[in-house]
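For reference, the structure discussed in these notes is given below.
From a predicted model like this one, the values you see are computed outputs, not experimental measurements. One-based numbering, in listed order, for ligands and for the atoms of each.
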Amino acid sequence: MNQVPPFAVVSGAQVHQALDGHETEVVAAVETAYRLHGEGQTVNPDSYFLRFPNRPSSRIIALPASVKGEVGVHGIKWISSFPENVAAGIPRASAVQILNDAETGYPFACLESSIISAARTAASAALAADRISAARGSRPTRVGFIGVGLIARHLHTYLAAAGFAFDAIGVHDLSAEHAQGFTGYLRRSAGDGVEITVHDKAEDLIRSSDLVVFATVAGEPHVTDPQWFTHHPLVLHVSLRDLSPEIVLESWNAVDDIEHCMKANTSPHLAEQRAGHRDFVAGTLYDVLTGSITPPSDRPVIFSPFGLGVLDLAVAKYVYDRVEGAGELHTVPGFFHELKRYG
Ligand SMILES: NC(=O)c1ccc[n+]([C@@H]2O[C@H](COP(=O)([O-])OP(=O)(O)OC[C@H]3O[C@@H](n4cnc5c(N)ncnc54)[C@H](O)[C@@H]3O)[C@@H](O)[C@H]2O)c1
């Protein structure tokens, strides 16, 4: 007979401890999730966006998902984005992840998930950068970050863990204070001999980088000139809405999931509306992983990840297993009550 599982609450401190220094395993967990997704072993419906008429900049998104195979759980991420938080000195995003038992459907854990979400996003982009660079036959040495908040910091950590060694790092942000904060972080963590430059203009950063990371909160394209990309950089378009349709249409494009990415006015979605088709998308990261598509070295290459709930599940399950393995799960006694059908 199936048992009702105990219900555990996993704090951000525990999540941090489980993930910190384990970037390689997190990238492996994310690759597993992408492969299961590509093999049809997942259910990943549309995200649901809760928006507020009196506060259009903010939103809360629900990402339900299910993964079979070695991950073997269902669940949902519930993640808020309130950009005005940053000015008040607290992070923009906050989140919880619920894990449900695949057998009984019972939720068995609630994990702090802003760190899991940032880690899976960074791991996904680092995995893409690693495999796309390998296929193009050259590893970038000059990276530029446009929009330097929490995601950019995690991305820098995960790129380093994936073996990228940069000679030069460019920084561009609309906020001089954020650019300065990120530069301070880089000086402490990037190692000696790395040239760090704050660029006032996105154009200068893009033209001087062979790997460009977009992690802004831009709602519509602010980079519009394809001429800035004639040196064929690899672009990790994590924030999804920075590039004009012209740039997307003149580049080689990979996404994480084509159906998901062609929604919510992402740059690929705008390009589809402009072109009247989606032929400009070569395929998915899964196709890159399996070698069924090969990114070219003589065109700009853009990876636009919509962000799949299955990645959150895979990383959350990894965290849960580590915390459980260490004997440090905090369960809530009596969380499920009324378990006898007739009392
Ligand atoms: N694709 C995914 O899977 C995924 C997952 C998580 C987060 N994200 C996205 O990543 C982005 C960054 O998240 P974060 O938590 O680091 O946000 P954040 O608010 O901490 O940082 C964003 C930074 O971008 C800067 N910025 C905003 N507009 C800019 C512009 N036009 N040019 C240059 N800088 C600009 C802001 O000043 C800020 O410093 C968000 O858009 C978020 O939705 C994507």
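In this structure, F214 has its ring center no closer than 6.0 Å to that of F145.
By the side chain to side chain donor-acceptor pair (under 3.5 Å) test, H156 is found to be paired with Y185, residues two or more places apart in sequence or in another chain being considered.
Using a cutoff of 4.0 Å between basic side-chain nitrogens and carboxylate oxygens, E246 and R274 are scored as salt-bridged. Salt bridge absent: D210 and R142 never bring a charged side-chain N and a carboxylate O closer than 4.0 Å.
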Dump the pairs for me: ligand 1 N or O, protein N or O, distance under 3.5 Å, to 0.1 Å.
from     : atom 1 : to   : atom 2 : distance (Å)
ligand 1 : 1 (N)  : V238 : O      : 3.0
ligand 1 : 1 (N)  : P305 : O      : 2.7
ligand 1 : 3 (O)  : R120 : NH1    : 2.9
ligand 1 : 13 (O) : R92  : NH2    : 3.0
ligand 1 : 15 (O) : R92  : NE     : 3.4
ligand 1 : 15 (O) : R92  : NH2    : 2.8
ligand 1 : 16 (O) : L150 : N      : 3.1
ligand 1 : 16 (O) : I151 : N      : 2.9
ligand 1 : 17 (O) : R92  : NE     : 3.0
ligand 1 : 20 (O) : L150 : N      : 3.4
ligand 1 : 34 (N) : L174 : N      : 3.4
ligand 1 : 37 (O) : D173 : OD1    : 2.6
ligand 1 : 37 (O) : H178 : ND1    : 3.2
ligand 1 : 39 (O) : D173 : OD1    : 3.3
ligand 1 : 39 (O) : D173 : OD2    : 2.7
ligand 1 : 39 (O) : H178 : ND1    : 2.6
ligand 1 : 41 (O) : T216 : O      : 2.6
ligand 1 : 43 (O) : R59  : NH2    : 3.4

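Panel note: side chain Q41, backbone R35; no donor-acceptor pair is recorded below 3.5 Å.
For the side-chain contact (heavy atoms from CB on, under 4.5 Å) with H199, the qualifying choice from L205, I206, V171 is L205, the only one to do so.
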